[in-house]
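Have a look at the structure below before the remarks.
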Amino acid sequence: MDDSGARAADSAFAGAQYLMGLQLFVKLATFSMNAVVFYLAGQVAFGVASVRFELLLSTILFLSREGMRSALLRIDADRNAADRSQSDTTRSSAQSRQRPPAHEQRIINAALVPICAGMAMAGALYVFYGAPSSASADAPHYYLSLALYVVAACIELCVEPLFALSRSRVLFKLQAKCEGVAVAGRCIVVVLTLLFGRSLNAGVDSNPLKLVAFAAGQMAYAILILLSYLRGMSFELEYSVWACYLPRKVALDSEGRQMAYVGPAVKDLAVTFVGQSLLKHLLTQGDNMVMAQFATPAEMGVFAFVANYGSIPARIVFLPLEEASRAMFSKMANSENTDFVAMSADNARIARHVLATLGKFHLLAGCILVVFAAQLSPTLLSFIGQNDSAVAHALTAYCIYLPFMGMNGFLEAFVHCVATKKQLLRTSIWMAVFTVAYALFAVQMLRGFKLGSAGMIMANMLNMALRIGYCWGFISQWFGRLGVGHGPRFASMLPHRAVLLACILSGAAIAAATLLIDQQALLNRVSTLVAGGALGIVVLREIWRFEQPFVQSALALRSGQPQRPRSE
């Protein structure tokens with residue numbers, strides 16, 4: 001790597017800490033706001049805003065800008081571009097303050113495309129979401145809130161040229177500051193608007209500003225992030241910040257014979273990434289799409305509540321494990337051969353051992369979640385005044401769903417690290433097929449069996465089970481083709497018999513306590529939780545006693561030094 005590349009890498013890794021801090025701040029701020037908002041706005045408004053409006057917002061923003069953002073990362077900023085921009089620096093100082101250099105003008109031109117595309121998409125989606133047949137259209141100020149969300153999305157898209165330049169210059173600290181200010185502003189505006197609306201009427205259900213509060217918060221976010229970027233980039237750029245919104249043709253070759261706004265390479269990349277973004281959007285937002293079309297506002301509220309609180313273990317534990325395993329497997333893989341991504345024999349054995357260790361961890365975590373979290377969640381909900389049976393059933397189902405999510409995460413991470421481009425395309429097609437099957441099953445759960453949000457989560461389990469099965473088959477074939485023996489054995493991932501017995505007996509005891517003891521009395525609820533905690537300690541002791549090889553492997557992974565398996 002040359003000196004400039006090394007400096008860019010150093011800047012990127014040094015600035016990553018700001019983005020990590022930003023994510024922590026966003027999670028804490030959003031979690032705190034949701035706890036207050038669910039109480040002030042009520043279940044129905046919270047569901048409409050968190051599912052229907054958020055789906056509208058993510059569709060506009062994700063589909064219009066994600067593909068171009070990915071393409072901009074690949075824009076050629078090599079020496080030729082640097083040489084062309086070097087000629088720009090020889091202009092007069094007055095002119096240089098007015099015009100960006102050529103390579104940044106290319107970025108600006110490309111970043112202006114999502115603004116136009118997003119505004120056109122916003123108009124079409126407003127008409128679609130504003131249909132009178134919508135189940136949410138009867139909510140107070142629904143159309144006003146919908147319009148505010150659409151306008152907020154258009155304002156947020158105006159940040160794109162500034163965001164693209166800040167990322168090109170590796171200004172992670174500036175990005176963190178701008179988004180942090182916007183997130184804080186959104187939280188404050190939502191809560192204040194809800195409090196003001198509640199002062200107009202006594203009850204939560206009669207608050208006329210329930211939906212307006214969410215829309216006003218999103219509008220505040222969009223305005224604040226745009227103003228923050230305008231102010232921050234005005235100090236970073238050598239030219240006027242308003243020049244970032246003026247398209248200008250630039251030379252595509254060193255002689256300046258070809259002039260264009262966006263080069264053909266960027267166009268091709270953008271089209272490719274837009275297609276991938278559409279598939280990714282369907283995979284990540286499939287549940288919200290189904291809920292928005294087929295669920296009632298009350299069911300949306302239950303799903304949004306459970307997704308916000310139930311996914312905390314996934315964000316804290318499972319997601320870091322997935323990212324760490326992805327980084328480890330990518331370093332082990334050798335992708336020089338386009339027909340098959342191979343590994344050395346030693347790396348393959350270590351990878352198999354890591355897969356088995358992660359699998360056992362998720363199965364052990366699944367046992368604990370099913371036995372303790374799933375059964376005790378209704379009791380825990382009662383302490384925060386949430387006695388709705390639909391919420392309890394959905395949260396119980398979500399606790400069972402979490403280990404499916406975790407298993408799928410690290411298995412897909414391995415597949416993406418060792419699959420060729422052709423195999424990745426085939427994998428994407430199968431994932432799309434599984435998503436269609438999930439959507440059909442989810443609609444049947446909602447409309448046919450009337451299971452509400454719990455049925456949606458069961459459909460998610462089916463989706464994850466199909467994806468896990470596909471990844472497992474792919475991994476087994478990959479190890480077989482590599483010629484180092486079999487892939488990871490499912491039997492090696494199963495918990496020890498003593499651990500399973502402890503979980504079964506603990507689960508039976510908790511089930512008997514929750515069924516036979518009146519849980520309305522505070523003392524009985526506290527006693528049930530204390531007994532559950534004591535049984536949890538017993539299960540953890542059995543894991544420590546009978547799962548020592550797994551414990552040692554997990555500690556080695558945590559230290560970043562995966563153990564090589566002692567025997568095959």
Pair [X] and [Y], ring centroids less than 6.0 Å apart:
| X | Y | value |
| --- | --- | --- |
| F53 | Y142 | yes |
| W430 | F434 | yes |
| F550 | H496 | no |
| Y398 | Y401 | yes |

If we ignore hydrogens and angles and just use 3.5 Å, is the side chain of [X] paired with the main-chain N or O of [Y] as donor and acceptor?
| X | Y | value |
| --- | --- | --- |
| R352 | P488 | no |
| N524 | I517 | no |
| Q423 | T420 | yes |
| Q548 | W544 | yes |
| Q375 | V371 | yes |
| S199 | F196 | yes |
| S145 | V212 | yes |
| Q218 | L148 | no |
| T379 | R525 | no |
| Q293 | V290 | no |

Could you tell me whether the side chain of [Y] reaches within less than 4.5 Å of the side chain of [X], counting heavy atoms only?
| X | Y | result |
| --- | --- | --- |
| V48 | F214 | no |
| S453 | V306 | no |
| M456 | D287 | yes |
| R426 | Y470 | yes |
| M300 | F46 | no |

Can you tell me how far apart CE (M461) and CG (N408) are? Round to the nearest 0.5 Å.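 M461 CE to N408 CG: 14.0 Å, rounded to 0.5 Å.
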For the atom pair CE (M458) and NE2 (H393), what is the distance rounded to the nearest 0.5 Å?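 M458 atom CE to H393 atom NE2 measures 9.5 Å (nearest 0.5 Å).
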Go through the steps for H353 and S553 under the test side chain to side chain donor-acceptor pair (under 3.5 Å), then give the verdict. CA-CA 9 Å; H353 183 66; S553 296; 3.1 Å; yes
For H281 and S58, does a side-chain donor sit closer than 3.5 Å to a side-chain acceptor?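 Not at all, the side chains of H281 and S58 share no donor-acceptor pair under 3.5 Å.
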Parallel, tilted or perpendicular: ring planes of F479 versus F414, cut at 30 and 60 degrees: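 Parallel, since the angle between the ring planes stays under 30°.
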So F410 and H362, ring pair (Phe, Tyr, Trp, His ring centres under 6.0 Å) or not? Walk me through it. CA-CA 10 Å; F410 77 86; H362 284 86; 5.1 Å; yes
Go through the structure and list residues passing ring-ring contact (aromatic ring centres under 6.0 Å, His included) with Y438, not counting sequence neighbours.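 Per chain and number, Y438 pairs via ring-ring contact (aromatic ring centres under 6.0 Å, His included) with no residue.
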